[in-house]
Chemist: 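My questions all concern the structure below.
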Number of protein chains: 2
Amino acid sequence: MDEKPYHHGDLKRALVDAGIALLEEAGPQGLSLRAIAARVGVSHAAPRRHFDGVLGLKTAIAAEGFRRHAAFMRDGLPAQTGRGDRRFAAMIGYVRFAQAHPHLFTLMFSTRDADFADPELQRAGAESYGVLSDIAAGLEPLYGDAPDARRRAETFLWSVVHGYSQLALTGLLHTDAHGTPLHRIEDVMPPIGTAAGDN
Amino acid sequence: MDEKPYHHGDLKRALVDAGIALLEEAGPQGLSLRAIAARVGVSHAAPRRHFDGVLGLKTAIAAEGFRRHAAFMRDGLPAQTGRGDRRFAAMIGYVRFAQAHPHLFTLMFSTRDADFADPELQRAGAESYGVLSDIAAGLEPLYGDAPDARRRAETFLWSVVHGYSQLALTGLLHTDAHGTPLHRIEDVMPPIGTAAGDN
DNA sequence: GCGCCTATGTTTCCGGCGTCAACTTTTTTG
DNA sequence: CAAAAAAGTTGACGCCGGAAACATAGGCGC
């Protein structure tokens, strides 16, 4: 009992969890405030005591998504050794999360569903960004003496991996008969940073 | 009068145009079937004669978006000369379009709003993809003798430019006080394909 | 030029949605 | 143990997308 709500026990967390479950089952169309409340067994007006409208609830869902996203990438890392390997591992983790939880991933980056000014969401997002930032360090030399080389490397890496993920989710990449992209992210990354002596 | 509908004149096109205008004015939340119909001065049930529900109408809007997107990139091209220059010009065009029409751009890649199985949308999307494909040709040698080198280059380039655009729109990149990204797309692209003898 | 036919648009109704105000129940607190 | 505050319920509102029934207006056969 971290927090101690009076009636339900922990309605706030229950609503977020139910929201994520409902999102994966029914997709974004099925994710209504009323449906989430019903799944928890509570009236449709109850969430208002804990969240600022449906936007607040979805924002909390997005934040939880970023936490899981960061954990997902981190868990895929340690088995790998070389620096280039680590980089690929985290990138692959980013893409895999998107493919495993397409609706959640989409929600996490939707300004329509989430309020990116929310402090909790920003904290969770930063947690996720931190993992990418770490592995972007190896790309820094690519930018030579340019100012903000590290940040440029981060932005580049994030752009590739995020763009690939979204295009894959939308089904816009070349795919096989099952809808699986023909080329994985590691097949598509040109040999940079890894070619000229990396690890 | 290309087509000659009976009452309105060309309700189909009028609805799409009104939808885009409304989208830019009121954002995705304001883009309802009823609001679009009202703007054209028609009842909310009229669009159903021309589109398969609100999804069909939004799909048509997305298709028109892709056509404008392709034209936007093409128009930015001819002034440039070198091959690396051409590449940057198209990439910058991609990003600029997203920044100039954020809601339309978002809609164009939203599986929630658009039906990507729609033939018209696929045709329009292919038009847009063609521009990127052209300029990706220069990156092909990066992939050596790998199979599908051309497609890998296309996927890579599209991923970067699309990821950057979306992250910029969402406001997740490092920005100045006005919300403008600190690093432009051409600042974050690492020196590949252009460094070792390009044009 | 008249009568049908079909394309186009309207009206009306339905259920679901998010929000709000008023009310009830439960827990805390002094 | 009583007052207050927190948590949840009920019922209403307006907007939404969809469907069915109806109205209108051009096209076409004759």
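FYI, side chains are in, hydrogens and waters are out, and symmetry mates aren't considered; it's all heavy atoms of this structure. Just so it is clear: chains get the letters A, B, ... in the order the sequence lines come, proteins before strands, and each one is counted from 1.
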Chemist: Can you tell me the distance, in whole Å, between the CG atom of A:L57 and the P atom of C:dG18?
Modeler: 9 Å
Chemist: Can you tabulate the close N/O pairs, meaning under 3.5 Å, that link protein atoms to atoms of nucleotides 11-15 of chain C?
Modeler:
{"unit_1": "C:dT12", "atom_1": "O4", "unit_2": "B:H44", "atom_2": "NE2", "d": "3.3"}

Chemist: Take atom CG of A:L33 and atom P of C:dC17, then tell me their distance rounded to the nearest Å.
Modeler: 10 Å
Chemist: Charged N to carboxylate O below 4.0 Å: is that the case for B:E186 and B:R87?
Modeler: no
Chemist: Output the distance between atom CZ (A:F97) and atom CZ (A:F66), rounded to the nearest 0.5 Å.
Modeler: 9.0 Å
Chemist: If I take atom CG in residue A:L55 and atom C1' in nucleotide C:dC17, what distance separates them, rounded to the nearest angstrom?
Modeler: 15 Å
Chemist: For the pair B:D176 and B:R184, find out whether any cationic side-chain nitrogen is under 4.0 Å from an anionic carboxylate oxygen.
Modeler: no
Chemist: How many Å lie between CG on A:L11 and P on D:dA6, as a whole number?
Modeler: 16 Å
Chemist: Is B:E127 salt-bridged to B:R123, going by a charged N under 4.0 Å from an acidic O?
Modeler: no
Chemist: Distance check, rounded to the nearest 0.5 Å: B:L182 atom CG versus A:R151 atom CZ?
Modeler: 6.5 Å
Chemist: In Å, rounded to the nearest 0.5 Å, how long is the span from CE of A:M189 to OG1 of B:T155?
Modeler: 13.0 Å
Chemist: Rounded to whole Å, please give me the gap between CZ in A:F51 and P in C:dT19.
Modeler: 13 Å
Chemist: Can you check the A:I36 CD1 to C:dC17 P distance for me, whole Å?
Modeler: 11 Å
Chemist: Between A:R48 and C:dG18, is there a contact of a side-chain N or O with OP1 or OP2 at under 4.0 Å?
Modeler: no
Chemist: Could you state the CG-P distance from A:D113 to C:dG18, rounded to the nearest angstrom?
Modeler: 11 Å
Chemist: Rounded to the nearest angstrom, tell me the gap between atom CD in A:Q29 and atom P in C:dC17.
Modeler: 12 Å
